[in-house]
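Report on one structure; see the data block that follows.
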Amino acid sequence: MLYFFRNKEVKIDCMLFILLTVTIGLVTGFLRDTQTAVICITTMIFMGIVFLFLTFLRYRTIRKFSSEIESVLHKKAIHKIEDYREGELSILRCEVNKVLDLLKIRTDELQAEKLFLADSLADISHQLKTPLTSLNLIQSLLSEELTETKRQELLKEMRRLTDRLRWLTDSLLKISKLDAGTAQFEQENVNVKELLQDASEAILIPMDIKNQSLVLDIADELNFSGDKKWSTEAIGNILKNCMEHTNEGGKIWVKARENPMYLEIVIEDNGAGIDKEDLPHLFERFYRGKNSAADSVGIGLALSRMILRNENGSIKAENRSEGGARFVIKLYKGIV
């Protein structure tokens with residue numbers, strides 16, 4: 001019950017109080033009389049008992065408060081600290097509850113990140129497993145007696161799967177860098193026309209095979225401040241998506257214009273367009289829409305949005321009234 005006597009502060013207060021009581025009693029008895037000294041000492045003792053009682057109540061409250069904090073530290077559940085009417089403890093309670101609110105928010109965020117990471121790892125594992133299984137099958141087939149034509153077909157398919165694995169791992173590494181905030185973005189003067197030409201190089205051959213055409217309507221003098229390498233990656237993924245969802249003989253248009261607030265790049269195609277149910281989720285990681293190809297992964301557009309956000313930009317997808325999809329990119333000149 002008298003656990004508070006273990007406190008050094010209480011011990012010092014008691015020693016000082018006893019010393020003060022004895023001193024007052026001796027001085028009073030010497031200057032006046034014994035009866036006055038007894039009255040003074042009795043009064044001091046009574047005040048001492050009141051002081052000890054109040055101290056006991058105070059330290060009991062503090063101990064309870066400490067126990068509640070300890071329960072928060074050693075238990076998974078984060079709950080509010082009980083109310084205390086005392087001034088200093090009430091202020092301390094408010095501050096501790098602010099910390100607990102922040103801890104709860106951080107705990108919920110960490111839990112959500114853990115679930116997202118688990119889902120992402122499952123998706124990545126699935127995406128890597130499919131081409132690896134096909135490569136193992138092709139490898140076993142190549143060890144058998146085959147015609148030269150069949151062998152060349154299998155080697156061609158192996159190269160395709162290898163390129164797909166390389167692209168997939170590169171994209172996942174880029175997403176990881178962006179998530180971790182370790183990706184370096186340079187601030188350089190980027191010519192928009194050159195950027196689009198570089199971004200379209202990877203799809204020119206597939207477009208030629210599908211007899212598709214790419215129309216660039218971009219002024220030579222259009223420029224913006226950003227990272228050309230990352231911007232090329234972002235635009236290239238959008239162009240690739242348009243190419244894959246446009247039929248043979250289709251067209252892709254790219255227009256760019258500038259105003260005092262932002263640079264706008266509009267990429268359009270005359271393909272099948274985007275399903276209404278897919279529009280809200282189009283830029284979500286590993287999301288595959290209804291019209292997605294069988295080997296689609298669902299990270300290209302998500303990576304593009306992450307890159308553009310890091311370059312103080314935004315992207316929006318919509319359907320054209322004439323048919324086909326439209327992607328509107330805005331690269332802002334100030335902080336938005």
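All residue numbers refer to positions in the sequence shown, counting from 1. On a predicted model such as this, the values are computed, not experimentally measured, just so you know.
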Next on the checklist: side chain to side chain contact (heavy atoms under 4.5 Å, CB included) for Asp198 and Ile235? Distances and angles first, verdict last.
Outcome noted: CA-CA 9 Å; Asp198 292 345; Ile235 302 294; over 6 Å; no
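- We find that Arg160 and Glu157 are joined by a salt bridge, their nearest charged nitrogen and carboxylate oxygen being less than 4.0 Å apart.
- Under the 4.5 angstrom side-chain criterion for Ile, Leu, Val, Met, Phe, Trp and Tyr, the cluster partners of Val215 are Trp253.
- Among residue pairs with one or both ends in residues 141-164, none qualify as ring pair (Phe, Tyr, Trp, His ring centres under 6.0 Å); sequence neighbours excluded.
- The salt bridge (Lys or Arg N to Asp or Glu O under 4.0 Å) test applied to Glu194 returns Lys228, not counting sequence neighbours.
- Residues forming a side chain to side chain donor-acceptor pair (under 3.5 Å) with Ser225 (at least two apart in sequence, or on another chain): Gln187.
- Considering all non-hydrogen atoms of both residues, Gly271 and Asp269 come closest at N-OD1, 2.9 Å.
- Remark: Asp170 pairs with no residue by the side chain to side chain donor-acceptor pair (under 3.5 Å) rule, at least two apart or across chains.
- Take Tyr262 and apply the ring pair (Phe, Tyr, Trp, His ring centres under 6.0 Å) test, not counting sequence neighbours, and it matches Tyr332.
- The backbone N or O of Gly250 lies less than 3.5 Å from no partner atom in the side chain of Asn270, so there is not a single donor-acceptor pair.
- By the 6.0 Å contact criterion, CD1 on Ile205 is open, its count of non-hydrogen atoms from other residues, nucleotides or ligands being 12 or less.
- For Gln139, the CD atom is loosely surrounded, since the number of other residues' heavy atoms within 6.0 Å does not exceed 12.
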Next on the checklist: The test is side chain to side chain contact (heavy atoms under 4.5 Å, CB included); show your working for Phe283 and Ile315 and say whether it passes.
Outcome noted: CA-CA 9 Å; Phe283 297 101; Ile315 181 170; 3.6 Å; yes
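- Contacts of Arg159 classified as salt bridge (Lys or Arg N to Asp or Glu O under 4.0 Å), with partners at least two apart in sequence or in another chain: none.
- Remark: side-chain polar atoms of Thr246 are not paired, donor with acceptor, to backbone N or O of Met243 under 3.5 angstrom.
- Taking the side-chain contact (heavy atoms from CB on, under 4.5 Å) definition, one finds that Asp220 meets it with Lys193, sequence neighbours left out.
- Legend: side-chain hydrogen bond (donor to acceptor under 3.5 Å, both in side chains) pairs involving residues 203-218, not counting sequence neighbours: none detected.
- For Asp227, the salt bridge (Lys or Arg N to Asp or Glu O under 4.0 Å) criterion is met by no residue, not counting sequence neighbours.
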Checklist entry - Taking it one step at a time, do Leu239 and Leu196 satisfy side chain to side chain contact (heavy atoms under 4.5 Å, CB included)? => result CA-CA 9 Å; Leu239 290 171; Leu196 266 299; 4.2 Å; yes
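- Applying the salt bridge (Lys or Arg N to Asp or Glu O under 4.0 Å) rule to Glu201 yields no partners; only residues at least two apart in sequence or on another chain are considered.
- Between Glu233 and Lys229 there is no salt bridge, since no side-chain nitrogen of the basic residue lies less than 4.0 Å from a carboxylate oxygen of the acidic one.
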Item to check | Pair Arg151-Leu155, side chain to side chain contact (heavy atoms under 4.5 Å, CB included): steps then yes or no | outcome: CA-CA 6 Å; Arg151 185 179 296 277; Leu155 288 172; 4.2 Å; yes
Tabulate below the donor-acceptor pairs under 3.5 Å that side-chain atoms of residues 321-331 make, not counting sequence neighbours, or state none.
residue	atom	partner	partner atom	Å
Arg326	NE	Glu268	OE2	2.6
Arg326	NH1	Glu318	OE2	3.0
Arg326	NH2	Glu268	OE2	2.9

